[in-house]
Amino acid sequence: MPSPASLTVVLGTGGTISGTADRATDNVGYRAAQLGVAALVAAVPALAGVPLESAQVAQLDSKDMSHAVWQQLAQRVAAELARPDVGGVVVTHGTDTLEETAYFLHRVLAPAKPVVLTAAMRPATSLQADGPQNLLDAVTLAREPGAAGVLVVLGGRAFAADGLRKADAYRLDAFEGPEVARLEEGRVRPTGPWPRSAPLGLACIARAPERWPRVAWLTSHAGFDAALVDGLRAAGFDGLVIAGTGNGTLHADLQAALLRARDAGLEVRVTTRCASGRVVGGAPDQPVGPAQARVALLLELLQR
Ligand code: ASP
């Protein structure tokens with residue numbers, strides 16, 4: 001007998017997983033966000049007998065992700081999760097901002113049911129298309145009894161959203177982060193605990209996205225020009241994340257500009273521009289890297 005919560009809802013947002021190129025050998029000159037989510041599901045024969053519903057929430061290259069789409073997506077995912085017949089939700093997404101969307105959903109929803117984001121590093125037309133297997137793995141994980149939280153599946157690995165980073169621009173195994181499971185031949189092999197935390201809740205993101213705090217991210221580097229920080233302050237930004245060098249160190253000119261910015265009321269958080277690791281000696285709960293640190297500061301300011 002099917003369990004009462006056996007339905008999986010697949011929400012499409014675009015990305016390379018739904019991208020097409022003119023030639024099967026073209027893995028870079030393609031257009032993202034061309035195929036609808038129903039076509040992605042239909043392209044995986046193994047999903048034919050699985051109780052699924054699909055819906056298109058957005059259709060964009062995730063490099064162009066907006067706060068408006070995040071708000072819409074979080075609200076839609078929450079509505080689907082609230083249905084007693086739904087056991088889990090899958091979101092198809094681009095890889096470029098996957099770590100940001102996943103972290104956003106993790107902090108806002110921290111769901112007890114699995115919300116599995118998946119993507120692809122090759123378009124659907126590629127000889128090497130990884131989208132169909134990733135989608136199948138994502139649905140498998142969303143149907144796994146006991147799985148919970150916002151998870152990201154690519155290349156046979158499932159990661160927790162918190163701490164995830166796109167680490168390679170081209171390879172199929174492009175992501176690094178806290179692994180929670182392996183997907184092997186249609187089975188889930190847990191390798192870490194499912195993420196659990198307290199959700200901020202949808203009320204925190206309820207206001208119109210154009211009235212969300214303005215939070216920028218800059219990187220400290222040789223020859224840093226402090227005019228960048230002064231310009232953001234003058235433009236009325238509310239928050240600023242700095243990807244510092246090494247263990248969060250800052251160019252002296254940047255540091256001086258940040259003191260001026262702080263005096264003017266700008267919230268500043270410092271992370272590292274290094275490809276891995278967190279700032280040692282920094283806040284114990286600091287997000288990994290500037291992409292997730294920017295989302296964290298945005299959500300912190302939204303709660304004020
Ligand atoms: N530009 C694409 C996107 O993020 C890249 C990808 O999906 O791999 O939508």
Side-chain angles (χ1 to χ4, degrees), residues 10-41 43-44 54-74 76-77 89-106 115-139 141-142 150-159 161 163-177 183 209 217 275 288-292 294-295 298:
V10 184
L11 301 175
T13 71
T16 294
I17 192 167
S18 55
T20 57
D22 294 336
R23 286 175 296 112
T25 49
D26 189 350
N27 291 314
V28 291
Y30 60 89
R31 292 164 304 281
Q34 300 299 305
L35 304 174
V37 67
L40 301 187
V41 170
V44 184
S54 66
Q56 200 75 42
V57 171
Q59 184 67 306
L60 79 171
D61 186 319
S62 82
K63 72 179 176 58
D64 302 321
M65 184 52 68
S66 67
H67 293 166
V69 172
W70 276 356
Q71 183 188 56
Q72 198 191 344
L73 181 62
R76 180 65 185 262
V77 169
V89 171
V90 168
V91 178
T92 59
H93 198 282
T95 61
D96 286 345
T97 55
L98 185 56
E99 70 214 63
E100 296 173 58
T101 302
Y103 184 72
F104 177 80
L105 293 175
H106 161 70
V115 173
V116 186
L117 282 77
T118 194
M121 289 297 288
R122 300 287 179 267
T125 46
S126 169
L127 279 177
Q128 247 189 331
D130 51 332
Q133 183 67 54
N134 287 345
L135 179 56
L136 178 59
D137 286 346
V139 171
L141 184 55
V150 176
L151 309 168
V152 175
V153 165
L154 263 102
R157 300 172 77 199
F159 303 93
L164 183 75
R165 276 175 159 181
K166 186 172 181 181
D168 195 276
Y170 185 75
R171 282 200 335 248
L172 298 190
D173 61 336
F175 284 81
E176 286 173 3
L183 280 297
W217 144 23
V288 69
Q292 295 198 344
R294 199 199 74 85
V295 178
L298 174 69

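What's counted below: heavy atoms across the whole structure, side chains too, no hydrogens, waters or symmetry copies. One-based numbering, in listed order, for ligands and for the atoms of each.
For T97, no nitrogen or oxygen atom sits less than 3.5 Å from a nitrogen or oxygen atom of ligand 1, counting backbone and side chain alike. Checked against a 3.5 angstrom limit, the closest N/O atoms of Y30 and ligand 1 fall outside it. For ligand 1, one of its N or O atoms has an N or O atom of D96 under 3.5 Å away. Any N or O atom pair closer than 3.5 Å counts here, and K166 shares no such pair with ligand 1. Every N/O-N/O distance between G94 and ligand 1 stays at or above 3.5 Å.
A donor-acceptor pair is defined here as one N or O able to donate and one able to accept, closer than 3.5 Å; no such pair exists between the side chain of S62 and the backbone of G15. Side-chain atoms of Q292 come within 3.5 Å of backbone atoms of A161 as a donor-acceptor pair (strictly under, hydrogens ignored). In this structure a side-chain-to-backbone donor-acceptor pair under 3.5 Å is missing from Q71 to S66. With hydrogens and angles ignored, the 3.5 Å screen pairs a side-chain donor or acceptor of T13 with a backbone N or O of T92. Counting only distance, with no hydrogens or angles, the side chain of E176 and the backbone of R165 share no donor-acceptor pair below 3.5 Å. With hydrogens and angles disregarded, no donor-acceptor distance shorter than 3.5 Å links the side chain of S54 to the backbone of V10.
Scanning the protein heavy atoms around atom 3 (C) of ligand 1, the nearest turns out to be D61 OD1, 3.2 Å. Of the protein's non-hydrogen atoms, T95 OG1, 2.5 Å is the one closest to atom 8 (O) of ligand 1. Looking at atom 4 (O) of ligand 1, its nearest protein heavy atom turns out to be S62 OG, 2.5 Å. Among all non-hydrogen protein atoms, the one lying nearest atom 6 (C) of ligand 1 is T16 OG1, 2.7 Å.
Under 4.0 angstrom from ligand 1, there are no non-hydrogen atoms of A33.
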Stepwise side chain to side chain contact (heavy atoms under 4.5 Å, CB included) test for R157 and D173: CA-CA 9 Å; R157 300 172 77 199; D173 61 336; 5.7 Å; no

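In this structure, a donor-acceptor pair under 3.5 Å is absent between the side chains of N134 and T118.
Counting the atoms of ligand 1 from 1 in the order shown, those under 4.0 Å from a heavy atom of A120 are 6 (C), 7 (O), 8 (O).
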